[in-house]
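Data block below; observations after.
Start at 1 with the first residue, then count along the sequence.
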Amino acid sequence: MTATVGFGDRLDAAILRTNSVVCVGLDPRPAQLPATLRPADLTDLDAVAAAYETFCIGILDAVTNLVPVVKPQAAFFEELGPAGMTVLARVIKAATARNLMVILDGKRNDIGTTATAYAAAYLGAQSAWGCDALTVSPYLGRDSIEPFANRCRETASGIFVLVKTSNPGGGYLQDQSTAAGKIYQRVAELVTELNQPLLGSSGYGPIGAVVGATYPDQLRELRAAMPTSPILIPGFGAQGGAANDVAGGFDARGRGAIVNSSRHIIFAFERPEFESLRDSSGDRHWQAAAAAATIQMNQQLNEVRRRQTT
(Lines give C-alpha, C1' and ligand atoms only; values in the text may rest on other atoms or scores of the structure.)
Protein backbone atom coordinates (compact mmCIF):
# COMPACT_ATOMS: atom_id res chain seq x y z
CA MET A 1 0.00 0.00 0.00
CA THR A 2 1.32 3.44 -0.88
CA ALA A 3 1.84 5.68 2.16
CA THR A 4 0.00 8.99 2.11
CA VAL A 5 2.47 11.30 3.90
CA GLY A 6 5.83 11.30 2.16
CA PHE A 7 9.27 11.57 3.68
CA GLY A 8 9.81 15.18 2.61
CA ASP A 9 6.63 16.25 4.41
CA ARG A 10 7.43 14.16 7.49
CA LEU A 11 10.91 15.63 7.76
CA ASP A 12 9.60 19.17 7.30
CA ALA A 13 6.98 18.58 10.01
CA ALA A 14 9.65 17.26 12.38
CA ILE A 15 11.79 20.36 11.76
CA LEU A 16 8.81 22.59 12.56
CA ARG A 17 7.87 20.56 15.64
CA THR A 18 11.34 20.72 17.18
CA ASN A 19 12.37 24.12 15.75
CA SER A 20 15.63 22.42 14.86
CA VAL A 21 17.56 21.45 11.74
CA VAL A 22 20.20 19.51 13.69
CA CYS A 23 20.87 15.87 12.85
CA VAL A 24 22.84 14.06 15.54
CA GLY A 25 25.28 11.54 14.11
CA LEU A 26 25.73 8.39 16.18
CA ASP A 27 29.35 7.49 15.47
CA PRO A 28 30.60 5.65 18.58
CA ARG A 29 34.28 4.80 18.87
CA PRO A 30 35.66 2.55 21.64
CA ALA A 31 38.57 4.74 22.72
CA GLN A 32 36.38 7.86 22.95
CA LEU A 33 33.60 6.42 25.05
CA PRO A 34 33.15 8.02 28.48
CA ALA A 35 35.49 6.39 31.01
CA THR A 36 32.56 5.06 33.01
CA LEU A 37 31.31 3.13 29.96
CA ARG A 38 34.56 2.11 28.28
CA PRO A 39 35.29 -1.65 28.59
CA ALA A 40 38.64 -2.60 30.08
CA ASP A 41 39.27 -4.89 27.11
CA LEU A 42 38.54 -3.06 23.86
CA THR A 43 39.11 -6.29 21.90
CA ASP A 44 36.03 -7.83 23.55
CA LEU A 45 33.54 -7.05 20.79
CA ASP A 46 30.51 -8.09 22.83
CA ALA A 47 31.51 -5.77 25.67
CA VAL A 48 32.16 -2.87 23.28
CA ALA A 49 28.80 -3.46 21.59
CA ALA A 50 27.05 -3.37 24.98
CA ALA A 51 28.83 -0.10 25.77
CA TYR A 52 27.75 1.33 22.40
CA GLU A 53 24.15 0.50 23.21
CA THR A 54 24.28 2.24 26.59
CA PHE A 55 26.08 5.22 25.11
CA CYS A 56 23.88 5.69 22.03
CA ILE A 57 20.63 5.31 23.92
CA GLY A 58 21.96 7.76 26.50
CA ILE A 59 22.64 10.22 23.68
CA LEU A 60 19.10 9.66 22.35
CA ASP A 61 17.72 10.48 25.79
CA ALA A 62 19.83 13.64 25.90
CA VAL A 63 18.69 14.98 22.52
CA THR A 64 15.07 13.82 22.38
CA ASN A 65 12.79 16.83 21.79
CA LEU A 66 15.84 18.92 20.81
CA VAL A 67 16.31 17.59 17.28
CA PRO A 68 14.15 16.01 14.55
CA VAL A 69 16.50 13.27 13.37
CA VAL A 70 19.51 11.11 14.20
CA LYS A 71 21.96 9.37 11.87
CA PRO A 72 23.64 6.14 13.01
CA GLN A 73 26.82 5.41 11.06
CA ALA A 74 26.53 1.73 10.17
CA ALA A 75 30.28 1.16 9.84
CA PHE A 76 31.02 1.64 13.54
CA PHE A 77 28.50 -1.04 14.41
CA GLU A 78 29.43 -3.36 11.55
CA GLU A 79 33.06 -3.53 12.66
CA LEU A 80 31.89 -5.23 15.86
CA GLY A 81 30.31 -8.08 13.91
CA PRO A 82 26.96 -9.64 14.83
CA ALA A 83 26.90 -8.07 18.29
CA GLY A 84 27.30 -4.62 16.77
CA MET A 85 24.55 -5.17 14.23
CA THR A 86 22.18 -6.34 16.95
CA VAL A 87 22.92 -3.16 18.88
CA LEU A 88 22.38 -1.05 15.76
CA ALA A 89 18.91 -2.54 15.39
CA ARG A 90 18.14 -1.75 19.02
CA VAL A 91 19.39 1.81 18.68
CA ILE A 92 17.20 2.37 15.62
CA LYS A 93 14.16 1.06 17.49
CA ALA A 94 15.00 3.19 20.52
CA ALA A 95 15.24 6.31 18.37
CA THR A 96 11.92 5.59 16.67
CA ALA A 97 10.29 5.02 20.06
CA ARG A 98 11.48 8.51 21.08
CA ASN A 99 9.81 10.07 18.01
CA LEU A 100 13.15 10.72 16.33
CA MET A 101 13.48 10.11 12.61
CA VAL A 102 16.34 7.81 11.63
CA ILE A 103 18.71 8.16 8.68
CA LEU A 104 21.00 5.15 8.40
CA ASP A 105 24.36 6.24 7.02
CA GLY A 106 25.22 3.12 5.05
CA LYS A 107 26.02 4.58 1.58
CA ARG A 108 24.47 1.52 -0.03
CA ASN A 109 23.89 0.81 -3.70
CA ASP A 110 23.92 -1.82 -6.42
CA ILE A 111 21.90 -2.61 -9.53
CA GLY A 112 18.74 -4.56 -10.28
CA THR A 113 17.39 -6.94 -7.68
CA THR A 114 20.28 -6.22 -5.34
CA ALA A 115 19.40 -2.53 -5.13
CA THR A 116 15.77 -3.54 -4.60
CA ALA A 117 16.86 -5.80 -1.75
CA TYR A 118 18.89 -3.03 -0.11
CA ALA A 119 15.90 -0.70 -0.33
CA ALA A 120 13.55 -3.30 1.11
CA ALA A 121 15.97 -4.10 3.92
CA TYR A 122 16.37 -0.57 5.24
CA LEU A 123 13.53 1.68 4.16
CA GLY A 124 10.16 2.05 5.81
CA ALA A 125 8.61 1.21 9.15
CA GLN A 126 7.83 -2.36 8.09
CA SER A 127 11.33 -3.11 6.78
CA ALA A 128 13.78 -5.31 8.66
CA TRP A 129 15.75 -2.28 9.87
CA GLY A 130 12.85 0.18 10.06
CA CYS A 131 14.74 3.29 8.95
CA ASP A 132 13.15 6.49 7.70
CA ALA A 133 15.98 7.14 5.24
CA LEU A 134 19.26 5.78 3.93
CA THR A 135 22.34 7.37 2.38
CA VAL A 136 22.92 6.09 -1.16
CA SER A 137 25.84 6.27 -3.59
CA PRO A 138 24.90 7.29 -7.17
CA TYR A 139 27.94 6.04 -9.03
CA LEU A 140 26.35 2.94 -10.54
CA GLY A 141 23.94 5.17 -12.43
CA ARG A 142 20.25 5.91 -12.75
CA ASP A 143 19.08 2.28 -12.63
CA SER A 144 20.78 1.89 -9.27
CA ILE A 145 18.77 4.78 -7.76
CA GLU A 146 15.35 3.96 -9.22
CA PRO A 147 14.65 0.93 -6.94
CA PHE A 148 15.25 3.17 -3.92
CA ALA A 149 12.98 5.87 -5.34
CA ASN A 150 10.24 3.28 -5.85
CA ARG A 151 10.59 2.10 -2.28
CA CYS A 152 10.43 5.70 -1.04
CA ARG A 153 7.13 6.19 -2.82
CA GLU A 154 5.67 2.97 -1.41
CA THR A 155 6.74 3.40 2.22
CA ALA A 156 6.98 7.16 2.90
CA SER A 157 10.73 6.75 3.34
CA GLY A 158 13.60 8.74 1.87
CA ILE A 159 17.14 8.57 0.57
CA PHE A 160 20.02 11.02 0.57
CA VAL A 161 22.13 10.66 -2.55
CA LEU A 162 25.83 11.57 -2.33
CA VAL A 163 26.11 14.67 -4.52
CA LYS A 164 28.96 16.78 -3.10
CA THR A 165 30.57 15.20 -0.06
CA SER A 166 32.44 17.00 2.71
CA ASN A 167 35.75 15.11 2.50
CA PRO A 168 38.75 16.82 0.86
CA GLY A 169 39.21 14.04 -1.69
CA GLY A 170 35.62 14.07 -2.91
CA GLY A 171 36.43 16.44 -5.75
CA TYR A 172 38.68 13.83 -7.40
CA LEU A 173 35.58 12.41 -9.07
CA GLN A 174 32.75 14.78 -8.17
CA ASP A 175 34.41 17.89 -9.62
CA GLN A 176 35.49 16.31 -12.90
CA SER A 177 34.08 18.09 -15.95
CA THR A 178 32.06 16.46 -18.69
CA ALA A 179 30.44 17.91 -21.79
CA ALA A 180 27.23 18.28 -19.76
CA GLY A 181 28.87 19.84 -16.70
CA LYS A 182 30.66 18.60 -13.61
CA ILE A 183 29.81 15.16 -12.30
CA TYR A 184 28.22 16.46 -9.11
CA GLN A 185 26.00 18.72 -11.22
CA ARG A 186 24.87 15.74 -13.30
CA VAL A 187 24.03 13.82 -10.12
CA ALA A 188 22.03 16.82 -8.90
CA GLU A 189 20.05 16.81 -12.15
CA LEU A 190 19.21 13.13 -11.66
CA VAL A 191 18.12 13.72 -8.06
CA THR A 192 15.81 16.54 -9.14
CA GLU A 193 14.33 14.52 -12.00
CA LEU A 194 13.58 11.45 -9.86
CA ASN A 195 12.13 13.60 -7.10
CA GLN A 196 9.72 15.57 -9.29
CA PRO A 197 6.78 13.12 -9.38
CA LEU A 198 7.01 12.47 -5.63
CA LEU A 199 6.61 15.96 -4.17
CA GLY A 200 4.56 16.56 -1.05
CA SER A 201 2.66 19.57 0.24
CA SER A 202 5.85 20.99 1.78
CA GLY A 203 7.34 21.28 -1.68
CA TYR A 204 9.88 18.58 -0.87
CA GLY A 205 10.08 14.99 -2.01
CA PRO A 206 11.84 11.91 -0.65
CA ILE A 207 14.94 12.01 -2.85
CA GLY A 208 17.40 14.11 -0.88
CA ALA A 209 21.05 14.97 -1.37
CA VAL A 210 24.23 14.98 0.70
CA VAL A 211 26.15 18.24 0.26
CA GLY A 212 29.00 19.10 2.62
CA ALA A 213 29.25 22.18 4.82
CA THR A 214 32.91 22.39 3.82
CA TYR A 215 31.90 23.59 0.32
CA PRO A 216 29.57 26.55 0.98
CA ASP A 217 29.67 27.90 -2.59
CA GLN A 218 28.63 24.56 -4.07
CA LEU A 219 26.03 24.18 -1.31
CA ARG A 220 24.40 27.43 -2.42
CA GLU A 221 24.60 26.35 -6.05
CA LEU A 222 23.07 22.96 -5.34
CA ARG A 223 20.25 24.36 -3.23
CA ALA A 224 19.18 26.28 -6.34
CA ALA A 225 19.71 23.26 -8.60
CA MET A 226 17.69 20.90 -6.37
CA PRO A 227 14.84 23.08 -5.06
CA THR A 228 12.63 20.11 -4.14
CA SER A 229 15.24 17.93 -2.41
CA PRO A 230 15.98 17.90 1.32
CA ILE A 231 19.70 18.40 1.82
CA LEU A 232 21.72 16.54 4.44
CA ILE A 233 24.74 18.70 5.29
CA PRO A 234 27.69 16.90 6.95
CA GLY A 235 30.95 18.51 7.98
CA PHE A 236 29.71 20.80 10.74
CA GLY A 237 31.89 21.16 13.84
CA ALA A 238 34.73 18.65 13.97
CA GLN A 239 35.24 18.73 10.17
CA GLY A 240 35.47 22.51 10.17
CA GLY A 241 32.07 23.64 8.90
CA ALA A 242 30.48 26.56 10.78
CA ALA A 243 26.94 27.92 11.01
CA ASN A 244 27.46 30.57 8.33
CA ASP A 245 28.86 27.91 5.96
CA VAL A 246 25.53 26.08 5.86
CA ALA A 247 23.30 29.12 5.25
CA GLY A 248 23.14 28.43 1.52
CA GLY A 249 21.54 25.04 2.15
CA PHE A 250 18.27 26.46 3.49
CA ASP A 251 15.34 27.68 1.44
CA ALA A 252 13.77 31.11 1.87
CA ARG A 253 11.73 29.75 4.79
CA GLY A 254 14.85 28.57 6.63
CA ARG A 255 13.95 24.94 5.98
CA GLY A 256 14.78 22.26 3.44
CA ALA A 257 18.01 21.07 5.04
CA ILE A 258 19.34 19.27 8.10
CA VAL A 259 22.86 19.75 9.41
CA ASN A 260 24.70 16.76 10.81
CA SER A 261 27.09 16.87 13.74
CA SER A 262 28.54 13.70 15.21
CA ARG A 263 31.71 14.05 17.28
CA HIS A 264 30.99 17.68 18.21
CA ILE A 265 27.83 16.52 20.02
CA ILE A 266 28.27 12.93 21.14
CA PHE A 267 31.79 13.55 22.47
CA ALA A 268 31.05 17.06 23.69
CA PHE A 269 32.13 16.00 27.19
CA GLU A 270 35.69 16.29 25.86
CA ARG A 271 35.19 19.96 24.93
CA PRO A 272 36.60 22.45 27.46
CA GLU A 273 33.55 24.73 27.37
CA PHE A 274 31.39 21.95 28.86
CA GLU A 275 33.76 20.95 31.67
CA SER A 276 31.60 22.80 34.22
CA LEU A 277 28.73 20.36 33.57
CA ARG A 278 30.55 17.46 35.20
CA ASP A 279 28.84 16.19 38.35
CA SER A 280 30.65 14.85 41.39
CA SER A 281 31.06 11.38 39.93
CA GLY A 282 31.44 12.42 36.30
CA ASP A 283 29.04 9.62 35.45
CA ARG A 284 26.32 11.71 33.74
CA HIS A 285 28.53 14.46 32.38
CA TRP A 286 28.57 13.08 28.84
CA GLN A 287 24.79 13.29 28.51
CA ALA A 288 24.59 16.81 29.90
CA ALA A 289 27.39 17.89 27.56
CA ALA A 290 25.64 16.34 24.55
CA ALA A 291 22.42 18.17 25.39
CA ALA A 292 24.27 21.46 25.91
CA ALA A 293 26.17 21.09 22.63
CA THR A 294 22.91 20.37 20.81
CA ILE A 295 21.23 23.44 22.29
CA GLN A 296 24.25 25.54 21.31
CA MET A 297 24.14 24.23 17.73
CA ASN A 298 20.39 24.82 17.56
CA GLN A 299 20.91 28.42 18.61
CA GLN A 300 23.65 28.99 16.05
CA LEU A 301 21.68 27.46 13.18
CA ASN A 302 18.39 29.07 14.14
CA GLU A 303 20.06 32.47 14.00
CA VAL A 304 21.27 31.65 10.48
CA ARG A 305 17.77 30.50 9.55
CA ARG A 306 16.24 33.67 11.02
CA ARG A 307 18.49 35.79 8.84
CA GLN A 308 17.50 33.66 5.85
CA THR A 309 13.84 34.62 6.27
CA THR A 310 14.32 38.40 6.81
| With a 4.5 Å heavy-atom cut-off, do P39 and D44 have their side chains touching? | no

| request: Decide whether L173 and V191 are clustered together by the hydrophobic rule: side chain heavy atoms of Ile, Leu, Val, Met, Phe, Trp, Tyr closer than 4.5 Å, transitively. | output: no

| request: Evaluate side chain to side chain contact (heavy atoms under 4.5 Å, CB included) for E79 paired with R29, printing each intermediate quantity in order. | output: CA-CA 10 Å; E79 73 172 333; R29 296 164 169 82; over 6 Å; no

| Going through the distances and angles, do R307 and N244 end up as a side chain to side chain contact (heavy atoms under 4.5 Å, CB included)? | CA-CA 10 Å; R307 295 199 302 266; N244 287 334; 2.7 Å; yes

| Quick one: are L16 and R253 in side-chain contact, heavy atoms under 4.5 Å? | no

| field | T228 side chain near L198 side chain, heavy-atom distance below 4.5 Å | value | no

| query | From I111 CD1 over to S144 OG, what is the distance, rounded to the nearest 0.5 angstrom? | reply | 8.5 Å

| query | How many angstroms lie between CD in Q296 and CD1 in I265, if you round to the nearest 0.5 Å? | reply | 9.5 Å

| request: Kindly write out the residues that satisfy ring pair (Phe, Tyr, Trp, His ring centres under 6.0 Å) with Y118, not counting sequence neighbours, or none if the list is empty. | output: none

| task | Could you tell me whether a side-chain N or O of D132 sits under 3.5 Å from a main-chain N or O of V102, the two making a donor and an acceptor? | result | yes

| message | Run the ring pair (Phe, Tyr, Trp, His ring centres under 6.0 Å) test against F250 and tell me which residues pass, sequence neighbours left out. | response | none

| V21-Y204 co-clustered via ILVMFWY side chain contacts under 4.5 Å | no

| Can you find a heavy atom in the side chain of I145 that is under 4.5 Å from one in the side chain of I159? | yes

| query | Is the side chain of E275 donor-acceptor paired with the backbone N or O of R271 at a distance under 3.5 Å, no angle test? | reply | no

| field | Expected output: side-chain Y52 to main-chain V87 donor-acceptor under 3.5 Å | value | no

| request: Mind checking the CZ-OH spacing from R151 to Y122? Nearest 0.5 Å is all I need. | output: 13.0 Å

| Does the pair R142/E193 count as a salt bridge with the N-to-O cut at 4.0 Å? | yes

| Joint hydrophobic cluster, L37 plus F269, side-chain heavy atoms closer than 4.5 Å | yes

| field | Residue N65 excluded, over 12 heavy atoms near CG under 6.0 Å | value | no

| note | Sequence neighbours excluded, the answer for side chain to side chain donor-acceptor pair (under 3.5 Å) partners of T192 is none

| Passes side chain to side chain contact (heavy atoms under 4.5 Å, CB included), V211 versus M226? Steps please. | CA-CA 11 Å; V211 183; M226 300 180 293; 4.2 Å; yes

| said: For F55 and F267, take the angle between the two ring planes, folded into 0 to 90°, and tell me which bin it lands in: parallel under 30, tilted 30 to 60, perpendicular over 60. | reply: parallel

| request: Locate the shortest heavy-atom distance separating I103 from F160; write the atom from each residue and the value. | output: CD1-CE1, 3.6 Å

| Check: Y184/E221 side-chain N/O donor and acceptor closer than 3.5 Å | yes

| query | If Ile, Leu, Val, Met, Phe, Trp and Tyr residues are connected whenever their side-chain heavy atoms lie under 4.5 Å apart, and connections chain through other members, are L199 and I207 in the same group? | reply | no

| Can you check whether E146 reaches L194 side chain to side chain, under 4.5 Å on heavy atoms? | yes

| field | Minimum heavy-atom distance A291-A62, with the two atoms named | value | CB-O, 3.6 Å

| note | Heavy-atom closest pair (S127 atom, A120 atom, distance to 0.1 Å) is CB-O, 3.2 Å

| query | How close do L42 and V48 get, heavy atom to heavy atom, and via which atoms? | reply | O-CG2, 3.6 Å

| field | Distance (rounded to the nearest 0.5 Å) between F148 CZ and N109 CG | value | 5.0 Å

| Can you tell me how far the NZ atom of K107 sits from the CG atom of L162, to the nearest 0.5 Å? | 6.0 Å

| Any chain of hydrophobic side-chain contacts (each under 4.5 Å) joining L60 to L104? | yes

| Rounded distance [0.5 Å steps], CG in D245 versus CD1 in I233 | 10.0 Å

| message | Do R305 and N19 have side chains that approach each other closer than 4.5 Å (heavy atoms only, starting at C-beta)? | response | yes

| Distance-only donor-acceptor check, side chains T155 and Q126, under 3.5 Å | no

| said: Tell me if a side-chain donor or acceptor on R223 pairs with a main-chain N or O of G256 at a distance below 3.5 Å. | reply: yes

| query | With side chains defined as the heavy atoms from C-beta onward, is the minimum distance between L66 and N298 less than 4.5 Å? | reply | yes

| message | Looking at Q73 and G25, would you say the former's side chain and the latter's main chain have a donor-acceptor pair under 3.5 Å? | response | no

| query | At their closest point, which heavy atom of G212 faces which heavy atom of L219, and how far apart are they? | reply | O-CB, 4.5 Å

| task | Taking R98 for its side chain and A94 for its backbone only, find out whether a donor-acceptor pair lies under 3.5 Å. | result | yes

| said: The test is side chain to side chain contact (heavy atoms under 4.5 Å, CB included); show your working for L134 and W129 and say whether it passes. | reply: CA-CA 11 Å; L134 175 71; W129 288 94; over 6 Å; no

| query | Is there side-chain contact between D175 and Y215, with at least one heavy-atom pair below 4.5 Å? | reply | no

| task | Check A257 against G249 and note the closest heavy-atom contact, atom names and distance. | result | CB-O, 3.4 Å

| field | Salt-bridge contact E78-R108 (side-chain N to carboxylate O under 4.0 Å) | value | yes

